[in-house]
Amino acid sequence: MSEEKSLNFIEEIISQDLASGKYENILTRFPPEPNGYLHIGHAKSICLNFGLAKRFGGATNLRFDDTNPTKEETEYVDSIKADVKWLGFEWVKECYASDYFDQLYEFAVQLIEKGLAYVDDSTAEQIALQKGTPTVPGTGNEYRDRTVAENLSLFAAMKEGKYNDGEKVLRAKIDLASPNMHMRDPLLYRIKKAHHHRTGDAWCIYPMYDFAHGQSDSIEKITHSICTLEFIPHRALYDWCIEQLAIFPSKQYEFARLNMNYTVMSKRKLLQLVTEGHVSSWDDPRMPTISGMRRRGYTPESIRDFCDRIGIAKRENIIDFSLLEFCVREHLNKIAQRRMVVSNPVKLVITNYDKGEEMLSSENNPEDPTGGVRDVPFSNTLWIERSDFMEEPTKKYFRLGPDLMVRLKSAYIIKCDSFEKDAAGNIETIFASYFPESKSGSDTSGLHVKGTLHWVSAKHAIPVVLNEYDRLFSVEDVAGAEGDFKEYINPNSLTTDTNAWGEPALLNDTQDTRFQFLRKGYFYQDTKSTKEKLVFNRTVTLKDAWAKEQKK
RNA sequence: UGCCUGAUGGUGUAACGGUAGCACAACUGUUUUUGGUGCAGUUUGUCUUGGUUCGAAUCCAGGUCAGGCAACCA
């Protein structure tokens, strides 16, 4: 299949580089900063980088871009590794920009020696001012003319810790009038007397992104360094550093990052949702994080399929959330175990059933002929969904109502004879009679019904809790909406249903079984679920044509 | 009044000078013991104006629109 698919622009470049003999093998990298959990946008980048290597017979490094000690933590490093593995990818080397600090320092010294870098004593504000604006060239200052010897000793003193944060920076000496703002003597090193999660207190100066990323690529001999569109202006600097240092010429290519409607993708906003308690944690099933999707029941296969379908291009995009849901249903439909769970139940008594109880058999997955069957206990007192009964049925209602017939899934066809209400006027019990010859699998009744209901035997049913999730935000374009994005959080993004009953087979299933609760949706046991208290997260609903009909 | 990107149905993404295709969404029909699934089908598109060419989504020029760039973040 994927061989037939046409090449995206990056695959095009790679196949040319391979055909021309520029490279024998390609090496890509996935370079997250360990300052948060990975989200679906990272999944796109992961699938791209690892996928490219897989497709063209190369390899991929996992590199932590840990050059800002104040934001980064080991907790994030661990979660990132777990998420990449869970998605199904293996890196050939685990790297850290912080492992290159010595080398990077040497690179900086080389630049100083070539007269291409200088120590600047200006404040951040002064530097910003001196950089000019996109339409006005920047101006230099007296520090720009320091001698090589002076710069060398000042930079060494910076490293020694003789200055405080913000007192001095190392800058490249390029072109203060460049139309590209990033080339107007960019900062290379800043002083940060902060504890680093890996190097501890060994360093008090840290390289900026622009003086770490390209060099790290080069040190690892990355052939194709793929990043998102906002780094396009950085490419000139990326190339400049590599050229001045005369090191391995890694090349940077940019693609459009993933945007999705009804959610947010920025780490800053995701962090805010967690710290301010709008969601329970980074792996809250409503979060677009890999860990959240995993807990919700998404499969790695479906996420990879999604990343495949959205494609790689340079055009800005906003992908429909429903495409992700499509991919999840597509996979789950093939693998999920079918079970019956009834929520908001109403009692159904089958008045002419005098066998007491019997075991019926039901297929585990109609999509999978090898999926087998399971036993489901049947008796004269069942629970069915309250919404499957209508006292005064409308025309297109295929479910139960006075004098209406339906099939009970894997059991019998029944006919509603009467019903009783409680004092408050709610339906309390439905009375029906069944047709013994309509038994599932050996139906000789000749009866035809339009509706099939799921059910559980009241005395065999086990209580379950259902977490039903909806979109986290109620507007499509969350980032573009006016005001604080948190105002648009969907108040109904989580509904917990504690009045639900499942068939006993659920007790025999393992924690990581993927389920389809018939006519309700796909479900997956929550991390906090136990045999004593089963808790299921709804991964995604089934398509529901009746719900659509009702809206009309 | 700078520089850099980009512009193809509702949403994405192909077509590399030669029939605008695919997926999702929507809608119709059909099958079905899940109003699920499957199957068949329908609807909807090349930002604009010129130019080159037998022929332009594609090449060229101008315009329009959208996004990005002036963190001691990555």
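Naming: A, B, ... by sequence-line order, numbering from 1 per chain. Note: hydrogens, waters and symmetry copies are ignored here, and every other heavy atom, side chains too, is used.
For the C1' atoms, the distance from B:A25 to B:U31 is 23 Å, rounded to whole Å. With both ends at atom C1', the span from B:C65 to B:C47 equals 7 Å, rounded to whole Å. Using P as the reference atom, B:C4 and B:G12 are 26 Å apart when rounded to the nearest Å.
B:U34 makes up no base pair with any nucleotide shown, lacking Watson-Crick or G-U wobble contacts both under 3.5 Å. Pairing of B:U58, defined by two Watson-Crick or G-U wobble distances under 3.5 Å, is not identified with any nucleotide. B:U13 is paired with B:G21 under the criterion used here, namely a Watson-Crick or G-U wobble arrangement in which both key atom distances are under 3.5 Å. Remark: B:C73 base-pairs with no nucleotide; criterion is Watson-Crick or G-U wobble with both hydrogen-bond distances under 3.5 Å. Checking B:G6 for Watson-Crick or G-U wobble geometry (two distances, each under 3.5 Å) identifies B:C65 as its partner. Partner assigned to B:A40 is B:U28, using Watson-Crick or G-U wobble distances below 3.5 angstrom.
Within 3.5 Å, no donor on the side chain of A:Arg329 pairs with an acceptor on the base of B:U37, nor the reverse. A donor-acceptor contact under 3.5 Å is formed by the side chain of A:Glu367 with the base of B:G36. Donor-acceptor pairing under 3.5 Å, judged by distance alone, is present between the side chain of A:Ser440 and the base of B:U33.
Base engagement by A:Leu187 is indicated by at least one non-hydrogen atom pair under 4.0 Å involving a base atom. At the heavy-atom level, A:Thr123 lies under 4.0 Å from base atoms of the strands shown. Using a 4.0 Å heavy-atom distance criterion, A:Gly441 is classed as a base contact. Among the atoms of the strands shown, none is found under 4.0 Å from any heavy atom of A:Lys168.
Electrostatic pairing of A:Asp165 and A:Lys193 does not count as a salt bridge here, judged by no charged N lying under 4.0 Å from a carboxylate O.
For A:Phe326, whose side chain is taken as the heavy atoms from C-beta onward, the closest listed nucleotide among B:C69, B:A25, B:G36 is B:A25. Taking the side chain of A:Met208 as heavy atoms from C-beta on, and the options B:G35, B:G38, B:A74, the nearest nucleotide is B:A74. The side chain of A:Ala124 has B:C72 as its nearest neighbour among B:G67, B:C72, B:A74. Taking the side chain of A:Ile232 as heavy atoms from C-beta on, and the options B:C73, B:U5, B:U34, the nearest nucleotide is B:U5. Nearest to the side-chain atoms of A:Thr133 among the listed nucleotides B:G68, B:A70, B:U34 stands B:A70. If you check B:U5, B:C3, B:G35 against the side chain of A:Arg519, the one that comes closest is B:G35. Among B:A26, B:U33, B:G35, the nucleotide with an atom closest to any side-chain atom of A:Ala545 is B:G35. The side chain of A:Phe398 approaches B:G35 more closely than any other nucleotide in the set B:G68, B:G35, B:G36. Side-chain proximity of A:Gln516 to the nucleotides B:C69, B:C73, B:U34 is greatest for B:U34. Among the nucleotides B:A70, B:U33, B:G35, the one closest to any side-chain atom of A:Arg399 is B:G35.
Between the OH atom of A:Tyr189 and the P atom of B:C73 there is a distance of 14 Å, given to the nearest Å.
Between A:Arg339 and B:U34 there is no side-chain N or O to OP1 or OP2 distance below 4.0 Å. Between B:C3 and A:Thr135, no contact under 4.0 Å exists linking OP1 or OP2 to a side-chain N or O. Checking the phosphate oxygens (OP1, OP2) of B:U37, a side-chain nitrogen or oxygen of A:Lys543 falls inside 4.0 Å. In this model, the phosphate group of B:C4 is not approached by any side-chain N or O of A:Lys314 to a distance below 4.0 Å at OP1 or OP2. Using a 4.0 Å cut-off, no side-chain N or O of A:Arg257 falls inside it from OP1 or OP2 of B:U5.
Test A:Phe101, A:Tyr206, A:Phe155, A:Tyr118 against A:Tyr189 for ring-ring contact (aromatic ring centres under 6.0 Å, His included) and you get one pass: A:Phe155.
Where A:Asn8 and A:Phe231 meet RNA chain B, the nucleotide closest to each residue was compared, and A:Asn8 sits on the side nearer the 5' end. The residue among A:Asn35 and A:His182 whose nearest nucleotide of RNA chain B is located toward the 5' end is A:His182.
Residue-nucleotide stacking is present for A:Trp546 and B:G35, judged by a side-chain ring centre under 5.5 Å from the six-membered base ring centre and planes under 30° apart.
Interatomic distance, A:Trp282 CH2 to A:Thr289 OG1, rounded to the nearest 0.5 Å: 7.5 Å.
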